[in-house]
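Whatever order the structure lists them in is the order used to number ligands and atoms, beginning at 1. Counting from 1, the numbers follow the sequence of the chain as shown. Below, each value reflects all heavy atoms present in this structure, side chains not excepted, and no hydrogens, waters or symmetry copies.
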Amino acid sequence: PFRGEYETLILAHNSKGTDKRKFKIISGDKLALTPSIGWNHWYAHYDRITDKMMREAADIMVSSGMADVGYQYVNIDDCWMNAPKNNDSMRVGPLRDEKGNIIPNKHFPDMKGLTDYIHAKGLKAGIYTSPGTLTCGGFTGTYQHEEQDARQFSDWGFDFLKYDWCSYGKIAGKDKSLEAYQKPYRQMGKILKSLDRDIVYNLCQYGMGEVWKWGGDVDAQSWRTSGDLGFELDRIFDVALRNSGYRQYSKPGEWNDPDYIQIGWIGSARGMGISKLTTMPANMQYAYMSLWSLMASPLIYSGDMTKLDKFTLNILCNPEVIDVNQDPLGECGLVIKRDADRFVMIKNLSDGSKAVGLFNRGKNAADVDINWSELKIFGKKTVRNLWYQKDLGIYKDKFKAQVPAQGVVMVKISKLR
Ligand code: GLA
């Protein structure tokens, strides 16, 4: 009965003044009309994750202000189930009950209680499994229990599912056909669609079979375009340039997922280490977040929420940068020019303006410029620095900036106000 588009206007008043903003609610069959935004435990806690840590993450998503700028999903990754064997005896136990229902391990005593807790904060909850017999971490997968598990996730109250190939290769065997790659994902897509609950569906199979070409056809809302970014964190620019190559497949409800935002305190992917403060240069962190925003990538932070510092929060929570990520047009940025060190990525926004990232991968600061003819625009424009949240002035035919080493200058170019 509520299908349709509803324009609303949000007004806010406080001692500092008033502001307003249009907000459109769209009700229909399509999920994830803008990229999913939230947190996932993997790169912070690996196989150490517990119910308590999930609740704590939800608390901090609200208290830190992340929820105010849009962060919404609190997602459990691998290791919440029981495993046939594991160093932590609390994660070893019966895999399923006599009816075949999956049994969470002792660190997750009350899944419904956990999602209730997350929902009570106005947030959403995500879960993870694999179509194989075992997940990548060696925990129980969903093979031959697909519908039962999906119903269970829905009954528990989850709103998001990451479906990770892992050991499914053993079941697919030598069959490397497109159909074989699609089979488990198509099956789960159908099941999720039949449920009386909206569950956003995230494929994780590392880009096999050019998943960006068919992820939408199996009813997924996003798909990982490559392997684990934790192993490639020193190659953020390459990963992004590759991901942006699939830009034509990105649209509202169908997103390319180049994996999580790993800044702040993160564990080393090799050996699933305890979290440490990232060594990524500050300027590269700005570039990382800018790229994910320009590419309309799901913005899922995967670092230790209990150790968020002011700098990391500033990177994660700049509302003008997040607006670029969440822009309803859903365009993935286009690289319009590139040399050895420098490149420019542009993204058309729904208000007619353009978000532009001037990037410099080099070891020294460098000038990067953009001419209006390259943007196919004409006449005087306002240029606003999005990270500084500051208008830089009116420019008539080009814009040039000095871009720090391994960094970015991210601007929005709009008609005169
Ligand atoms: C794979 C995925 C990761 C993570 C781990 C969990 O490596 O790509 O994102 O989910 O499995 O074991």
Side-chain angles (χ1 to χ4, degrees), residues 35-36 38-50 53-54 57 73-88 91-92 95 102 104-105 107-108 125-143 149 153 158 160-170 172 181 184-185 188 200-209 211-212 215 220-233 235-236 239 242-243 255-263 266-275 292 297-304:
S36 305
W39 175 82
N40 168 293
H41 94 250
W42 186 245
Y43 285 110
H45 306 301
Y46 299 103
D47 59 356
R48 301 178 290 274
I49 190 64
T50 63
M53 289 155 110
M54 293 305 301
Y73 288 95
V74 181
N75 292 355
I76 317 177
D77 204 275
D78 200 351
C79 313
W80 60 266
M81 324 75 168
N82 276 311
K85 56 174 197 276
N86 193 269
N87 290 336
D88 175 356
R91 293 181 204 268
V92 181
L95 310 179
I102 189 151
N105 65 47
H107 292 290
F108 289 89
I127 195 158
Y128 163 108
T129 189
S130 166
T133 52
L134 291 178
T135 65
C136 298
F139 290 75
T140 313
T142 193
Y143 184 57
D149 286 356
F153 300 156
F158 284 100
F160 185 106
L161 174 67
K162 171 173 171 182
Y163 207 37
D164 193 354
W165 179 271
C166 303
S167 70
Y168 188 83
K170 287 205 186 105
Y181 285 137
Y185 289 98
M188 184 53 83
V200 169
Y201 184 27
N202 173 227
L203 312 189
C204 178
Q205 45 83 287
Y206 339 115
M208 293 185 302
V211 64
W212 39 91
Q221 281 76 46
S222 60
W223 39 84
R224 278 266 298 276
T225 52
S226 56
D228 291 10
L229 183 59
F231 296 106
E232 285 194 293
L233 269 185
R235 301 181 46 231
I236 283 299
V239 170
R242 187 178 62 206
N243 183 74
W255 309 105
N256 292 316
D257 171 11
D259 210 357
Y260 305 137
I261 301 289
Q262 296 166 64
I263 59 173
I266 49 162
S268 142
R270 289 189 179 76
M272 310 206 292
I274 299 281
S275 72
W292 263 236
S297 309
L299 270 190
I300 308 282
Y301 177 54
S302 192
D304 190 335

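- Considering T50, D47, D88 in turn, D88 is the only one that fulfils the side-chain hydrogen bond (donor to acceptor under 3.5 Å, both in side chains) rule with H107.
- Atoms of ligand 1 lying under 4.0 Å from at least one heavy atom of R224, given by number and element, are 8 (O), 9 (O).
- Which parts of ligand 1 touch G137 is read off a 4.0 Å heavy-atom cut-off, strictly below it: atoms 12 (O).
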After noting the C-alpha distance and the side-chain angles of Q221 and N202, does the key distance pass the side-chain contact (heavy atoms from CB on, under 4.5 Å) rule?
CA-CA 6 Å; Q221 281 76 46; N202 173 227; over 6 Å; no
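- Residue contacts with ligand 1, taken as heavy atom pairs separated by less than 4.0 Å, do not involve C166 at all.
- For D259, no heavy-atom contact with ligand 1 is shorter than 4.0 Å.
- Shown in contact with K162 at under 4.0 Å from a heavy atom are these atoms of ligand 1, numbered in order with element: 3 (C), 4 (C), 9 (O), 10 (O).
- Of all protein heavy atoms, the one closest to atom 8 (O) of ligand 1 is D228 OD1, 2.5 Å.
- Residue contacts with ligand 1: T135 is excluded, as none of its non-hydrogen atoms falls under 4.0 Å.
- When N202, D77, D78 are checked for heavy-atom proximity to atom 10 (O) of ligand 1, D77 turns out nearest.
- Under a 4.0 Å criterion applied to the non-hydrogen atoms of C204, ligand 1 contributes the atoms 2 (C), 8 (O).
- Under a 4.0 Å heavy-atom criterion, Y128 is in contact with ligand 1.
- Heavy atoms of Y206 come nearer than 4.0 angstrom to ligand 1 in at least one pair.
- Considering backbone and side-chain atoms alike, W42 places every N or O at 3.5 Å or more from each N or O of ligand 1.
- Scanning all protein heavy atoms for the shortest distance to atom 1 (C) of ligand 1 gives D164 OD2, 3.0 Å.
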